[in-house]
Amino acid sequence: MKLYNTLSKQIDEFVPNEPGKVKMYTCGPTVYHYAHIGNIRTYIMEDVLEKFLRFSGYDVTRVMNVTDVGHLSSDGDTGEDKMVAGAKREHKTVMEIAKFYEKAFFDDCAKVNIKYPDIVQPATGCIDEFITLVGGLIDKGFGYIAGGNVYFDTSKVKDYYALSGHSTDELMVGVRDDVDEDTNKRNKADFVLWFTKSKFEDQELKWDSPWGLGYPGWHIECSGISMKYLGEHLDIHCGGVDNIFPHHTNEIAQSEAYLGHKWCNYWFHVQHLNDETGKMSKSKGAILTVSVLKEKGYDPLAYRLFCLQSHYRKPLNFSYDALDNASAAYDKLVKRVAKLENGGDVDAAKVDEYRQKFIEKVGMDLNTSLGLTVLYDALKDSVSDATKRAIVGELDKVLSLGLLEAAEKLNSAPAPEIDDADKWITDLIAERAAAKKNKDYARADAIRASLAEKGITLIDTKDGTTFTKS
Ligand code: AMP
Ligand code: ZN
């Protein structure tokens, strides 16, 4: 597979450290609120990547963290601690908030067929690992204590900006959104590894450490959790593009400082989903979730199709019109699959041919829209229905649009109930059909005319007669 690598800034051949095995890490959700459909875009594309690697024969181990503590990176973070604010907003404890939104996140992921990662690790479960890492960084001269907190000294790292491509002159400060100055820092880009003193004093969760009672900084969790489960060498690390700086930049700095060697070879980043106000964001008020889309009558898998139709490295603009188009395309696709006859012989060579085509197309920097084209080509091909069904089943292992299941559901759905108020019309349609069968065309025409007078137009199709009312 070829993939764009944010670190090398080019499309590279993907070669894992150990042949046939992939160690994959994905930054998980910060659980102070629901994940919006922008977050879910990133997780859908990561899910496709994971499934595509498996489809291509790799044995993948995927780890995801859950940020239930430690999303602060320095006292420069403005506003309020989001976990504490979430707990206050809902009159719950921080852990109750975290558990509630973690469950809501994975429930929404399941609705768009995102596979549950092999390992999911909340940050609060790895405090000992973080303390070991921070201690090691101090011992190696990369960590320093100032104003009660432990900081990482970014000036000690060569190529600190290698991932983001920024220059030192740009004086990037390592925080999420807005920035205040943190006067404890030696360098502007330094960030907190461990807090004991913070302006966010009302923390519920604090742990003992060699530097006093406190809590971890934001970036350390992903290095700690990744090393715990995937060891010292990571093949691929994923996230949204906003994670490139400072989060992933700082993960690289501290992990490589601690390990003394290169840590992760490939960096995969998904561009943002935007709405009319710009980047969709959790702190921007009303949060549009997958569940809300479902309540509005959209099939969540139509949203998955919407994401797959465009390339992960291009920003995607969300609008209901665009989603309506994806929904119509999804319904059409399901109907097409539903029309395929069940049973019969499968042409295994053809299935393999389409499998290879799919690998070739999607394998070029995860081009999911070309992957969809391969699926449409198969449906148009002059192969048997059984072969088409087999191809759909194969490709859907990666696309995960639930096509065979949705088609089956459609086929087994009971015929729509006829509104009682319209029964007199359907009775007349049945009488007209019987008249035509008996070659009593005068009666058939009279029925059509009498209905037309009442504003009812009959439409004859090959599947029978329907009607519209004006
Ligand atoms: P968070 O829960 O805020 O830590 O974000 C979870 C994931 O969603 C991260 O990988 C972010 O980079 C990603 N993300 C945040 N906003 C967007 C967006 N508007 N579109 C796509 N991905 C996003
Ligand atoms: Zn992370």
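For reference, positions follow the sequence shown, starting with 1. All values below come from the heavy atoms of this structure, side chains included, with hydrogens, waters and symmetry mates left out. Ligands are counted one by one from 1 in listed order, and the atoms in each one are counted from 1 as well.
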Under 4.0 Å from a heavy atom of Met280: give me the atoms of ligand 1 that qualify, with their elements. 16 (N), 18 (C), 19 (N)
So that I can check it, does any N, O or S atom in Cys27 come closer than 2.8 Å to the Zn ion (ligand 2)? yes
Polar-atom distance check: Gly240 versus ligand 1, any N or O pair below 3.5 Å? yes
Gap separating the CD1 atom of Ile119 from the CG atom of Asn65, nearest 0.5 angstrom: 12.5 Å
Below 30° counts as parallel, above 60° as perpendicular, anything between as tilted: where do the rings of Tyr215 and Phe195 land? parallel
Assess His269 for proximity to ligand 1: is some non-hydrogen atom of it under 4.0 Å away? no
Heteroatom distance test (Asn39, ligand 1): nitrogen or oxygen, under 3.5 angstrom: yes
Looking at the Zn ion (ligand 2), which N/O/S atom of His247 is the nearest one? NE2
Would you please classify the geometry between the His33 ring and the Tyr101 ring as parallel, tilted or perpendicular, with 30° and 60° separating the classes? tilted
Basic-acidic side-chain contact under 4.0 Å: Glu50, Lys115: yes
In Phe105, Tyr303, Phe106, Tyr312, the residue satisfying ring-ring contact (aromatic ring centres under 6.0 Å, His included) with Tyr43 is Phe105
Looking at ligand 1, does any of its N/O atoms fall within less than 3.5 Å of an N/O of Thr30? yes
Using a strict cut-off of 4.0 Å, indicate which atoms of ligand 1 neighbour a heavy atom of Asn243. 9 (C), 10 (O), 11 (C), 12 (O)
Using a 4.0 Å cutoff against the non-hydrogen atoms of Lys279, which atoms of ligand 1 qualify? 16 (N), 19 (N)
Students often mix this up, so state it plainly: with edges at 30° and 60°, are the rings of His237 and Trp267 parallel, tilted or perpendicular? parallel
Any N/O of Tyr43 closer than 3.5 Å to an N/O of ligand 1? no
Please indicate whether any nitrogen or oxygen in Asp242 is less than 3.5 Å from any nitrogen or oxygen in ligand 1. yes
Taking atom NZ of Lys9 as the centre, report whether more than 12 heavy atoms of other residues, nucleotides or ligands fall under 6.0 Å from it. yes
Atoms of ligand 1 close to Gly239 [distance to a heavy atom under 4.0 angstrom, numbered from 1]: 10 (O)
Ligand 1 atoms nearer than 4.0 angstrom to some heavy atom of Thr42 are 10 (O), 13 (C), 21 (C), 22 (N), 23 (C)
Could you tell me how the ring of Phe152 sits relative to the ring of Phe142: parallel (under 30°), tilted (30 to 60°) or perpendicular (over 60°)? parallel
NZ/Lys88: more than 12 non-hydrogen atoms of other groups inside 6.0 Å: no
Is the closest side-chain donor-acceptor distance between Ser319 and Asn317 under 3.5 Å? no
Near Pro29, which atoms of ligand 1 are under 4.0 Å from a heavy atom of that residue? 2 (O)
Please determine if Gly38 has a nitrogen or oxygen closer than 3.5 Å to a nitrogen or oxygen of ligand 1. yes
